[in-house]
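Read the structure below first, then the notes.
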Amino acid sequence: MVLLAADGVAIEAVYEPADFDADVTQDAAGRVPVTVVAHGFTGSAWRPHVRRAAAVFRRYGAVITFSFRGHGASGGRSTVGDREVLDLAAAVAWARRLGHRTVWTVGFSMGGSVVLRHAALYPAGGPDAHASRHADGRGPAAADAHGSAHADGHGSGPADAHGPAHTDAVVAVSAPARWYYRGTAAMRRLHWVVTRPLGRAVGRYGLRTRIHTSDWDPVPLDPAEAAARIAPTPLLLVHGDRDPYFPLDHPRALATAAGPQADLWLEPGMGHAENAADEALLARIADWAARRAPGG
């Protein structure tokens, strides 16, 4: 399936129904939940670790995987977490057009930052929902420093061009808390790939990822700021204590920003993102979503 993001970029997407013996909670009409999986930088819908995650999540409902722009068979170029929020919104809107009433978003690394921003920018109930949630002015009705009506200019509100695009539960695995982090060797290498012409060539031909040459303008909503705007939507933050990209101050900062509505799991011995998430952890994540946002 090819979806169109709100800015016209073609997004490769795959829909898989729940396993025939899935342990799911259906609504009165027989509808099951759907998990939308947002992969990490240099990933795609067809990478083995994404397929493994999809196989586990199908035990709990239907699954949509997709390739972010610049990845896999999708069009465009990667903006490393900025306009990718439009790709996720298109996938969630597709899930709702297919009749699913309950949508869970699970993102890894870059995809983790995207699911956080998506949940903040596409609230259930429309733009007024933010104003009612955040009387302190943190919602998009108040706008942020960029003056955007939807917080950072790259969200289009509670629906994309194809319908409602809000999520019912959010899981961010190995997500950063802030942009431009260079505190680890792994992140310094990633910045070289993204910002240098030779690095982008390595990304294109070695990592099969086409990277945009322009800087962010405006800078997207910070992940921690996004986490602060997600309540009352359930939020789970998962991070490994051996993550070579983002140390533990990142998930802790996200949890502090999100407040008591968020659950934080610090996983002993776990590395980074979908590559490090074993089947047992993926099943625990799906169990959490089923408890916090059941339905069909």
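Taking CZ of Arg31 as the reference point, atom CZ of Arg101 lies at 5.0 Å (rounded to 0.5 Å). Considering CG of Leu86 and CG of Leu4, their distance stands at 12.0 Å, rounded to 0.5 Å. In this structure, Asp263 CG and Leu235 CG are separated by 8.0 Å, a value rounded to the nearest 0.5 Å. Distance check: Leu248 CG to Arg252 CZ gives 5.0 Å after rounding to the nearest 0.5 Å.
Salt-bridge formation is not detected for the pair Arg292/Asp287: no Lys NZ or Arg NE/NH1/NH2 atom is positioned less than 4.0 Å from an Asp or Glu carboxylate oxygen. Checked for salt-bridge contact, Asp222 and Arg178 miss the test: no charged N lies under 4.0 Å from a carboxylate O.
Between Arg208 and Arg47 there is a side-chain heavy-atom pair separated by less than 4.5 Å. Residues Thr184 and Pro247 meet the side-chain proximity criterion, which asks for heavy atoms closer than 4.5 Å. Proximity of Trp104 to Pro33: side-chain heavy atoms (C-beta onward) are separated by under 4.5 Å at one or more points. A heavy-atom distance below 4.5 Å is found between the side chains of Pro220 and Arg117. For the pair Val194/Arg200, no side-chain contact is recorded, criterion being any heavy-atom separation below 4.5 Å from C-beta on. Under the 4.5 Å side-chain criterion, counting only non-hydrogen atoms from C-beta, Arg204 is not in contact with Ile211. Inter-residue side-chain proximity for Val36 and Trp94 is flagged as unmet; no heavy-atom pair is nearer than 4.5 Å. With a 4.5 Å cut-off on side-chain heavy atoms, Trp265 and Arg284 count as touching.
Minimum heavy-atom separation, Pro251 to Leu266: CG-CD2, 4.0 Å. The minimum heavy-atom distance between Ala120 and Pro123, with the atom names listed, is O-CD, 4.1 Å. Taking both residues in full, the closest heavy atoms of Val115 and Gly112 are given as CG2-O, 3.1 Å, listed atom of the first, atom of the second, then distance.
Ring orientation note: the planes of Trp216 and Trp179 are nearly perpendicular, at an angle over 60° on the 30°/60° scale. The aromatic rings of His250 and Tyr181 stand perpendicular to each other, their planes meeting at an angle above 60°, with 30° marking the opposite boundary.
Around atom OH of Tyr205, no more than 12 heavy atoms belonging to other residues, nucleotides or ligands sit under 6.0 Å away. A 6.0 Å sphere centred on CZ of Arg77 holds no more than 12 heavy atoms belonging to other residues, nucleotides or ligands. Atom CZ of Arg242 has 12 or fewer heavy atoms from other residues, nucleotides or ligands within 6.0 Å.
When hydrophobic clusters are built by joining Ile, Leu, Val, Met, Phe, Trp and Tyr residues whose side-chain heavy atoms come closer than 4.5 Å, directly or via intermediates, Val170 is not grouped with Leu236. Taken together through direct or relayed side-chain contacts under 4.5 Å among Ile, Leu, Val, Met, Phe, Trp and Tyr, Leu198 and Phe41 form part of one hydrophobic cluster. Residues Val171 and Phe57 are members of one and the same hydrophobic cluster, defined by side-chain heavy-atom contacts under 4.5 angstrom among Ile, Leu, Val, Met, Phe, Trp and Tyr. Cluster annotation: Phe68 and Val193 are assigned to the same hydrophobic cluster (Ile/Leu/Val/Met/Phe/Trp/Tyr, side-chain heavy-atom contacts under 4.5 Å, transitive). One hydrophobic cluster holds both Ile230 and Leu88 under the rule that ILVMFWY side chains link at heavy-atom gaps under 4.5 Å.
A distance of 6.0 Å or more separates the ring centres of Tyr60 and Trp288.
Within the 3.5 Å criterion, the main-chain N or O of Leu207 finds a donor-acceptor partner in the side chain of Thr209. Looking only at distances, a side-chain donor or acceptor of His71 sits under 3.5 Å from a matching main-chain atom of Thr42. When atom types are taken as modelled, the side chain of Glu225 and the backbone of Pro223 share no donor-acceptor pair closer than 3.5 angstrom. Put simply, the side chain of Arg96 gets close to the backbone of His166: a donor and an acceptor are under 3.5 Å apart.
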Which pairs of donor and acceptor atoms, one on a side chain in residues 269-282, lie under 3.5 Å apart (sequence neighbours left out)?
{"residue": "His272", "atom": "ND1", "partner": "Asp243", "partner atom": "OD1", "Å": "3.0"}
{"residue": "His272", "atom": "ND1", "partner": "Asp243", "partner atom": "OD2", "Å": "2.8"}
{"residue": "His272", "atom": "NE2", "partner": "Ser109", "partner atom": "OG", "Å": "2.7"}
{"residue": "Glu274", "atom": "OE2", "partner": "Gly40", "partner atom": "N", "Å": "3.0"}
{"residue": "Asp278", "atom": "OD1", "partner": "Ala280", "partner atom": "N", "Å": "3.3"}
{"residue": "Asp278", "atom": "OD1", "partner": "Leu281", "partner atom": "N", "Å": "2.8"}
{"residue": "Glu279", "atom": "OE1", "partner": "Arg59", "partner atom": "NH2", "Å": "3.3"}

Atom pairs and distances, donor-acceptor, side-chain atoms in residues 5-17, under 3.5 Å, two or more places apart:
{"residue": "Asp7", "atom": "OD1", "partner": "Arg69", "partner atom": "NH2", "Å": "3.0"}
{"residue": "Asp7", "atom": "OD2", "partner": "Arg69", "partner atom": "NH1", "Å": "2.8"}
{"residue": "Asp7", "atom": "OD2", "partner": "Arg69", "partner atom": "NH2", "Å": "3.4"}
{"residue": "Glu12", "atom": "OE1", "partner": "Ser67", "partner atom": "OG", "Å": "2.6"}
{"residue": "Glu12", "atom": "OE1", "partner": "Ala73", "partner atom": "N", "Å": "3.1"}
{"residue": "Glu12", "atom": "OE2", "partner": "Trp46", "partner atom": "NE1", "Å": "2.8"}
{"residue": "Tyr15", "atom": "OH", "partner": "His100", "partner atom": "NE2", "Å": "2.8"}
{"residue": "Glu16", "atom": "OE1", "partner": "Arg51", "partner atom": "NH2", "Å": "2.5"}
{"residue": "Glu16", "atom": "OE2", "partner": "Arg51", "partner atom": "NH2", "Å": "3.1"}

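In the model, Arg188 has no side-chain atom that pairs as donor or acceptor with a side-chain atom of His191 under 3.5 Å.
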